[in-house]
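In what follows, chains carry the letters A, B, and so on, assigned in the order in which the sequence lines appear, proteins first and then strands, with residues in each chain numbered from 1. A quick note: this is a predicted structure, and the numbers were derived from the prediction, not measured. Hydrogens, waters and symmetry mates are skipped; everything else that's a heavy atom, side chains included, is used.
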2 protein chains.
Amino acid sequence: MTASPDAKPRGTRLPRMARRRQLLDAAQEVFVENGYHAAAMDEIAERAGVSKPVLYQHFPNKLGLYLALLDLHVDDMVTRCREALASTTDNKQRVQAAIGAFFDFVSTQGEAFRLVFESDLRNVAPVRQRVERSLQESAEMISQVIQEDTGCSSDEAHLLGVGLVGMAEVSARYWLTSDGSIPKEAATQLMARLAWRGISGFPRTG
Amino acid sequence: MTASPDAKPRGTRLPRMARRRQLLDAAQEVFVENGYHAAAMDEIAERAGVSKPVLYQHFPNKLGLYLALLDLHVDDMVTRCREALASTTDNKQRVQAAIGAFFDFVSTQGEAFRLVFESDLRNVAPVRQRVERSLQESAEMISQVIQEDTGCSSDEAHLLGVGLVGMAEVSARYWLTSDGSIPKEAATQLMARLAWRGISGFPRTG
DNA sequence: ACCGCACGCCGATCTTGATTTCCATTGTGC
DNA sequence: GCACAATGGAAATCAAGATCGGCGTGCGGT
């Protein structure tokens, strides 16, 4: 059940970086399961097999710990999206790849996507900023492609980009909960077809 | 700034239902501004011009107050969506109307949509249940239409429905933040066209 | 192989902030 | 004029984040 099978040798001494990594893993488990507010520093420490003060020797406070984790996964998401769009120059393929990036992201071990897509701290400025960055940057990249392909105005392309990212995000999350009823490949292609048909008919369709 | 202009006649006696309504208004303001956790019962009471015990005579606790408010707006959202789909039998018009429902909903006074779309309590069971209901029911209605129109399987239609709802929700929220750059009508039609083109080309497009 | 140092670790505690409740007071309808 | 209900200020309660001083272990120098 725990990320590291070496659960609680509550006496082992670890080099600093190894310990830090272990703390991040434990924190991710707890934050993902309970969200930020319901997560207790006590439990994170216990899950990592250390005491609370150790936690505070590695991170300034609960928010700092959360942000470190959040940055990791926001970067991950944005990178996946960027690489998907760069993986080909055929725009139809690009749509397919980008949608796939979202489905891959939510499939990632530990359901870490919840930190980015379902954070219960969006009201706190630094968190909101990071979460919106993941949406904005993905949408920005996509809107670039849309502008080239359709000749929309910048504002319109941005709105479309945001909408498509939202579609991908929400459908990927839903697909994950109904696991088994539709294989990932099929789901990805289904949504990609929806998106592509929607975009491609744009420049002069009434 | 306050919802009720009659701000603080801190001595007026109100009939029970009027008082309750006033408390709900005040609570909505505070919950929307700060989210659930950062909202203080103190401030809600003060904003309504009463003292805390009064609040607890109308609602069992903070969560109960929040749920009462949430139910109101979840019902509102689902109803708007249902009425949009029932407003016509032409599926293209239906898409337009449904997307419009989301844009209308986020334009509602007080940005109350944040309670449904950006709740920081999704990890609490009764809240999660209600929030997901708004997504599920909207998506269910839409997937019905999609099934009739395209002959997709039920699973596929559901996934598409969820994706479209996600698209509408996220794009509507984004449109609201960038207020002014695109008029609501234009934004709605833009997203509706994207959705409609996407769906309509479905049954036999490879 | 031995000694001393430095560092990572722990149990117990402090502090803060928010929800929830209690009692004296004030104003109201009969 | 009187009983009653509602109100307000203040206090009890509680959970969780953050901290303090000492302990034990592994490592580098001799």
Starting at [atom1] of [X] and ending at [atom2] of [N], how long is that distance when rounded to a whole Å?
| X | N | atom1 | atom2 | value |
| --- | --- | --- | --- | --- |
| Leu121(B) | dT19(C) | CG | P | 12 Å |
| Phe59(B) | dT19(C) | CZ | P | 15 Å |
| Arg20(B) | dA6(D) | CZ | P | 16 Å |
| Leu55(B) | dG9(D) | CG | C1' | 16 Å |
| Met41(B) | dG9(D) | CE | C1' | 17 Å |
| Leu63(A) | dG17(D) | CG | C1' | 12 Å |
| Tyr56(B) | dT19(C) | OH | C1' | 5 Å |
| His58(B) | dA6(D) | NE2 | P | 8 Å |

Does the plane of the ring in Phe105(A) sit parallel, tilted or perpendicular to the ring in Phe113(A)? Use 30° and 60° as the thresholds.
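Aromatic pair Phe105(A)/Phe113(A) classed perpendicular.
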
Given [options], identify the nucleotide with an atom nearest to the side chain of [X].
| X | options | result |
| --- | --- | --- |
| Ser51(B) | dC10(C), dC7(C), dT7(D) | dT7(D) |
| Arg13(A) | dT20(C), dC10(C), dC7(C) | dC7(C) |
| Arg16(A) | dG8(C), dG17(D), dC9(C) | dG8(C) |
| Pro53(A) | dT19(C), dC20(D), dG17(D) | dC20(D) |

Regarding Arg80(B) and Thr108(B), do their side chains bring together a donor and an acceptor under 3.5 Å, going by distance alone?
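Distance-only check passes for Arg80(B) and Thr108(B).
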
Would you say the side chains of Gln144(A) and Glu140(A) form a donor-acceptor pair under 3.5 Å?
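Their side chains do contain a donor-acceptor pair, which is all the 3.5 Å distance test asks for.
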
Suppose we call a contact any N or O donor and acceptor under 3.5 Å apart; does that hold for the side chain of Lys62(B) and the base of dT20(C)?
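There is none.
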
Short side-chain N/O contact from Arg19(B) to OP1 or OP2 of dA6(D), under 4.0 Å:
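For dA6(D), neither OP1 nor OP2 has a side-chain N or O of Arg19(B) closer than 4.0 Å.
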
If you find the nucleotide of DNA chain D closest to Ala40(A) and the one closest to Gln57(A), which residue's nucleotide is nearer the 5' end?
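First, find each residue's nearest nucleotide; the 5'-ward one identifies Ala40(A).
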
Categorize Ala39(B) for me: base, sugar-phosphate, or nothing, with a 4.0 angstrom heavy-atom threshold over every strand shown.
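Since only primed, P, OP1 and OP2 atoms lie under 4.0 Å of Ala39(B), the category is sugar-phosphate.
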
Students often get this wrong, so: under 4.0 angstrom with heavy atoms, is Asn61(B) touching a base, only sugar-phosphate, or nothing?
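Sugar-phosphate, backbone atoms only, no base.
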
Report yes or no: does Arg114(A) contribute a side-chain atom to a donor-acceptor pair with the main-chain N or O of Val32(A) at less than 3.5 Å?
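The answer is no, because no donor-acceptor pair under 3.5 Å joins these two groups.
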
Any sub-3.5 Å donor-acceptor pair from Asn61(B)'s side-chain atoms to Gly64(B)'s backbone N or O?
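Present.
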
